Amino acid sequence: MLEKTYEPKKIEEEIYASWEEKGAFKPDMRKDKDAFAIVIPPPNVTGVLHMGHALDDTLQDILIRYNRMQGKNVLWQPGTDHAGIATQMVVERNLASQGITRHDLGREKFIETVWQWKEKSGGTICKQLRRLGASCDWSRARFTMDDGLSRAVRKIFVKMYKDGLIYKAKKLVNWDSKFMTAVSDLEVIQKETVGKMYYYKYPIKGEEGEFIHIATTRPETMFGDTAVAVSKDNEKLKHLIGKECIIPIINKAIPIIADEHADPTKGTGAVKITPAHDFNDFEVGKRHNLPLINILNPDATLNENTPFAGMDTQTARKKTIETLDSLGLMDKIEDHPMVIPYGDRSGVVIEPLMTDQWFVDAPKLAVEAVKAVENGDMEFVPKSYEKTYFEWMRNIQPWCISRQLWWGHQMPIWYGPDETIFCEEDEETAQSAADKHYGKHVELRRESDVLDTWFSSGLWAFSTLGWPDKSEYLDTFYPTSVLVTGFDIIFFWVARMMMMSMYAMKRVPFRKCYIHGLVRDEQGRKMSKSKGNTVDPMEIIEKYGADALRFFMAAMETQGRDINISESRIQGYRNFATKLWNSARFGEMNGCFLSKVFNPNSVKHPVNKWIIAKVRQTANELTQNLNNFRFSDSANGVYQFVWGTFCDWYIEMIKPIFYGSDDALKNETKATFAFILERILLILHPFMPFVTAQLWNNTHDDNSDIITAAWPKIEDVNNTDIKRIDWVIDFVTAIRSLKSEMNIPAGAKLSALLLGANDESLTNINDFREILCSLARLEKIEEYNHTPTPDMVQTVSREMTILIPLKGVVDFKAEKERLQKELDGLIKNLEGYAKKLSNPAFVDKAPAAVVTEERRRQAEALENKAKVELALKRVSNL
RNA sequence: GGGAGUUUAGCUCAGCUGGAAGAGCAUCUCGUUUACACCGAGAGGGUCGGGAGUUCGAACCUCUCAACUCCCACCA
């Protein structure tokens with residue numbers, strides 16, 4: 001017996017465990033089936049589940065479960081990411097609380113500590129994904145630093161190096177002074193701030209009292225200046241070109257050069273050029289062969305090339321200004337809105353710094369990655385994201401992949417005594433290559449840098465399937481079917497996967513890429529720990545069940561939009577699960593068991609025919625919607641059917657059958673009910689796996705599992721069956737509405753007279769009139785005039801007029817107002833129809849069906865108008 | 001500066017190819033022996049951001065104005 005209320009907590013974990021135990025999430029690897037695969041966007045190994053994961057992984061699980069039920073050979077490949085900087089940061093923070101730095105431990109010991117941390121906290125997010133119901137094949141879980149995946153990384157790296165696609169270069173890079181590592185452009189976020197613009201002057205060499213005026217936001221970098229640039233078109237300043245000016249404080253002469261970078265309309269028209277600390281200046285420096293002077297230490301303090309060595313930039317800035325002021329060289333200081341780069345993880349100001357780094361030739365790799373989207377091998381859903389992708393890919397810069405961190409894939413690079421580079425997959429190979437090169441045994445030094453964490457995630461689609469080894473999984477599931485992820489990592493991940501996969505596999509990593517938005521708080525603000533507005537998915541699951549959270553995510557997911565979390569709505573979907581649960585209880589209490597001999601095409605009763613047609617219609621639409629990634633339409637369609645059609649109408653309509661005495665009909669209805677409920681469980685399962693599984697088990701004693709039960713095929717829908725009962729619903733609604741508006745007690749047993757009813761309609765209504773709208777008696781009449789009493793109310797449903805005698809029950813003043821309102825509405829509609837239909841252009845040009853429909857509506861409204869007018873006249877005479 | 005998006009009921013949002021404006025929540029009225037109060041029945045509430053255009057017909061297409069959001073680049 002089912003409990004009265006569905007308690008998700010009691011069953012979810014148990015059901016999940018039983019699935020995992022029997023290996024229900026593993027692909028069956030049958031060759032005769034279509035393959036369907038998704039690789040999970042690997043969460044940080046030490047992370048915890050947030051709402052973004054809940055959305056992302058719910059959508060994936062819906063697709064996975066749906067396709068599994070479609071009878072495909074399905075793999076959802078799970079795993080986690082080592083998340084270089086993020087994880088190192090967490091571990092360093094833990095160490096700091098004990099007063100230890102990573103340098104105290106040394107590299108080896110530190111890495112060991114990170115692995116320990118990973119072992120300790122690494123399982124959390126996978127456990128949480130299980131609570132969500134994610135049907136990943138956990139037996140295949142991978143980690144980006146696994147042996148196999150590490151081998152993939154080294155193999156690709158070496159191949160790319162040897163193909164000239166990875167190179168070392170001394171370049172200006174984004175330098176994070178907290179982690180003391182280079183970071184890629186993507187890891188830098190620009191923040192609007194109101195800073196200061198400092199105006200001061202450099203004396204012109206050899207010309208007493210002559211100055212060139214400079215504007216800068218970073219005066220402390222003046223010690224790295226190697227020129228001042230002026231536009232050759234700058235009438236006021238061009239006479240200075242070719243002269244030299246003196247950097248004050250250090251009294252160093254630098255040239256004044258002509259360069260188009262100096263815009264006469266900006267600042268003072270003269271720009272100080274600091275090639276080693278500014279990306280634009282770097283380019284200017286290259287054009288003019290200017291020396292590069294690095295003035296910063298790796299921790300962003302000034303170095304010995306400045307008079308303020310050891311100071312941080314802020315202090316040095318203050319000191320510089322004070323000194324310039326004391327020399328009488330300051331002009332002014334103004335507030336200046338500007339954009340300052342910060343590290344996305346560290347939160348410190350990013351400094352452009354000259355360092356030796358390793359780069360991937362992204363512009364070259366992008367070519368094939370762009371082509372694959374252009375020719376449709378990979379499609380974005382929604383399609384508009386391909387524009388974003390193209391835009392970025394076509395303007396892509398070399399990708400800085402070296403990180404001066406310890407946690408990550410150490411680069412497979414070895415240096416010989418004379419710094420000759422040996423790039424091989426392992427030390428042994430590198431050693432023998434080196435020995436051969438030098439003609440003797442030499443000591444090699446391994447590159448200490450590790451790779452950007454996205455390098456290994458870029459290989460995820462094939463490395464997890466076994467590459468570089470031969471693998472049945474790789475053959476079967478690559479390219480994967482679809483990637484589901486947020487728009488925020490299109491560049492970080494999707495783009496890199498495309499480039500890496502096109503390079504390594506010559507094929508796309510996935511056929512489609514479904515992009516969803518962010519999960520925001522109730523007011524639409526971004527969730528963040530600092531704002532304190534985060535909602536923990538695990539708490540929601542505890543409170544309302546995983547099914548409710550999942551259904552919420554699906555129902556809210558419309559393409560291209562963010563989702564605002566709404567607890568009341570999640571609660572509503574919990575209620576939905578309970579509603580379904582109780583409908584099953586109703587079936588159970590009335591002995592509705594699945595019948596093996598039941599044939600939905602041979603049921604006789606109109607209501608049973610109707611619900612069968614309706615469930616087919618619902619399933620058909622759902623299949624379409626899921627095929628098109630229309631998640632909200634999918635979820636809402638099922639919701640509407642289960643609650644609005646099955647519970648609100650079908651169950652109410654079959655009650656009189658169950659309470660009646662026609663056993664044949666009873667049996668047919670019981671079997672139909674069981675059939676419909678089973679259909680509901682099937683089509684709802686991808687969204688609400690737990691409650692549907694529980695109810696499935698409750699109604700099946702054959703050891704079958706809903707997870708592999710067959711998804712309903714597309715079937716023809718009998719529209720006549722649908723219309724017949726929809727008609728009854730309209731009738732019932734009209735009566736109910738009338739009674740409610742007239743303040744007639746719901747229990748009042750009324751009788752009604754029907755004008756214009758055909759026999760079939762009458763029969764259909766008679767079956768339900770009592771239970772659905774408390775009509776005790778129905779009488780068919782042919783002529784309006786036959787009605788003997790004038791004190792009755794009237795309503796219209798389709799072609800019928802319904803008259804209900806209400807002597808002494810009804811306030812006829814109210815009735816008159818009601819009728820007048822109805823009449824006004826009809827007149828307004830009629831004006832619209834007349835206007836349209838009298839327009840020859842409409843009649844000529846609109847499709848025939850539209851015109852016919854419009855005529856039908858007009859005729860109907862005209863009839864109704866006559867009826868209402870009559871009623872009104874009658875009431876007025878009272 | 002370049003690109004994308006949003007503006008529809010009190011709130012949060014659907015509305016796929018142009019063919020009588022929808023949902024959930026909230027509000028109001030009525031209802032509890034008989035699956036479910038995590039319930040049922042009914043109701044109110046919208047010149048679909050403003051303006052112009054295309055069309056027989058526009059929430060939907062075009063132009064324009066306004067407000068907001070995001071991404072990329074850059075600002076001495």
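Keep in mind that this is a model prediction, so the values were computed, not measured. Throughout, a chain's letter reflects where its sequence line sits, starting with A, and its residues are numbered from 1. Just so you know, these numbers use all the heavy atoms, side chains as well, and skip hydrogens, waters and symmetry mates.
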Verify the contact: side-chain N or O of [X] to OP1 or OP2 of [N], cut-off strictly under 4.0 Å; return yes or no.
| X | N | result |
| --- | --- | --- |
| A:Lys579 | B:G40 | yes |
| A:Asn280 | B:C74 | no |
| A:Lys387 | B:C71 | no |
| A:Trp643 | B:G40 | yes |
| A:Asn564 | B:C13 | yes |

Can you tell me the distance, in whole Å, between the [atom1] atom of [X] and the [atom2] atom of [N]?
| X | N | atom1 | atom2 | value |
| --- | --- | --- | --- | --- |
| A:Asp648 | B:C36 | CG | C1' | 11 Å |
| A:Asp844 | B:C56 | CG | C1' | 9 Å |
| A:Ile189 | B:C74 | CD1 | C1' | 17 Å |
| A:Lys739 | B:A41 | NZ | P | 14 Å |
| A:Met556 | B:G24 | CE | C1' | 8 Å |
| A:Leu695 | B:A35 | CG | C1' | 12 Å |
| A:Phe487 | B:C72 | CZ | P | 10 Å |
| A:Phe551 | B:G24 | CZ | P | 12 Å |

Could you measure between the two [atom1] atoms, the one in [N] and the one in [M], and give it in whole Å?
| N | M | atom1 | value |
| --- | --- | --- | --- |
| B:A9 | B:A26 | C1' | 11 Å |
| B:A66 | B:G50 | C1' | 7 Å |
| B:C25 | B:A21 | P | 24 Å |
| B:G10 | B:G44 | P | 15 Å |
| B:U32 | B:G40 | P | 16 Å |
| B:C63 | B:G5 | P | 13 Å |
| B:U7 | B:G15 | C1' | 15 Å |
| B:C56 | B:G42 | P | 41 Å |

Closest approach of [X] to [Y] (non-hydrogen atoms, all atoms of both residues):
| X | Y | value |
| --- | --- | --- |
| A:Asp335 | A:Lys196 | OD1-NZ, 2.7 Å |
| A:Asn564 | A:Met556 | O-CE, 4.4 Å |
| A:Val843 | A:Val851 | O-CG2, 4.1 Å |

Does the base of B:C38 carry an N or O that pairs as donor and acceptor with the side chain of A:Thr578 under 3.5 Å?
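Yes, a donor-acceptor pair under 3.5 Å.
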Is it the case that B:C36 (base atoms only) and A:Arg585 (side chain only) share a donor and an acceptor within less than 3.5 Å, ignoring hydrogens and angles?
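Counting by modelled atom types and ignoring angles, no donor-acceptor contact under 3.5 Å is found here.
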What's the verdict on salt bridge (Lys or Arg N to Asp or Glu O under 4.0 Å) for A:Lys387 and A:Glu391, showing C-alpha distance, side-chain angles and the deciding distance?
CA-CA 6 Å; A:Lys387 225 171 176 175; A:Glu391 190 66 26; over 6 Å; no
Between A:Ile540, A:Asn575, A:Val535, which is the residue that forms a side-chain contact (heavy atoms from CB on, under 4.5 Å) with A:Ile570?
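That would be A:Ile540.
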Pairs under 3.5 Å (Watson-Crick or G-U), crossing ones as [ ], inter-strand ones as |: RNA chain B comes out as (((((((..((((.....[..)))).(((((.......))))).....(((((..]....))))))))))))....
What N/O pairs connect the protein and nucleotides 42-47 of chain B at under 3.5 Å? Give each pair on its own line.
residue : atom : partner  : partner atom : Å
B:G42   : O2'  : A:Ser740 : OG           : 2.9
B:A43   : OP1  : A:Ser737 : OG           : 3.3

Given the rule in the salt bridge (Lys or Arg N to Asp or Glu O under 4.0 Å) test, do A:Lys655 and A:Glu652 qualify, once you have shown the distances and angles that lead to the verdict?
CA-CA 5 Å; A:Lys655 279 176 181 173; A:Glu652 295 309 317; 3.2 Å; yes
Give [X] one of three labels, base, sugar-phosphate or nothing, depending on what nucleic acid heavy atoms sit under 4.0 Å from its own.
| X | answer |
| --- | --- |
| A:Asn628 | nothing |
| A:Ala262 | base |
| A:Arg857 | base |

Over 12 foreign heavy atoms within 6.0 Å of NZ, A:Lys835
no
Tell me whether the rings of A:Trp392 and A:Phe491 are parallel (<30°), tilted (30 to 60°) or perpendicular (>60°).
parallel
Looking at A:Tyr544, A:Tyr6, A:Tyr639, which one forms a ring pair (Phe, Tyr, Trp, His ring centres under 6.0 Å) with A:Tyr573?
A:Tyr639
Is the A:Phe487-A:Tyr389 ring centre distance short of 6.0 angstrom?
no
For residues A:Tyr514 and A:Phe631, establish whether the separation of their ring centroids is below 6.0 Å.
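Yes, the ring centres sit under 6.0 Å apart.
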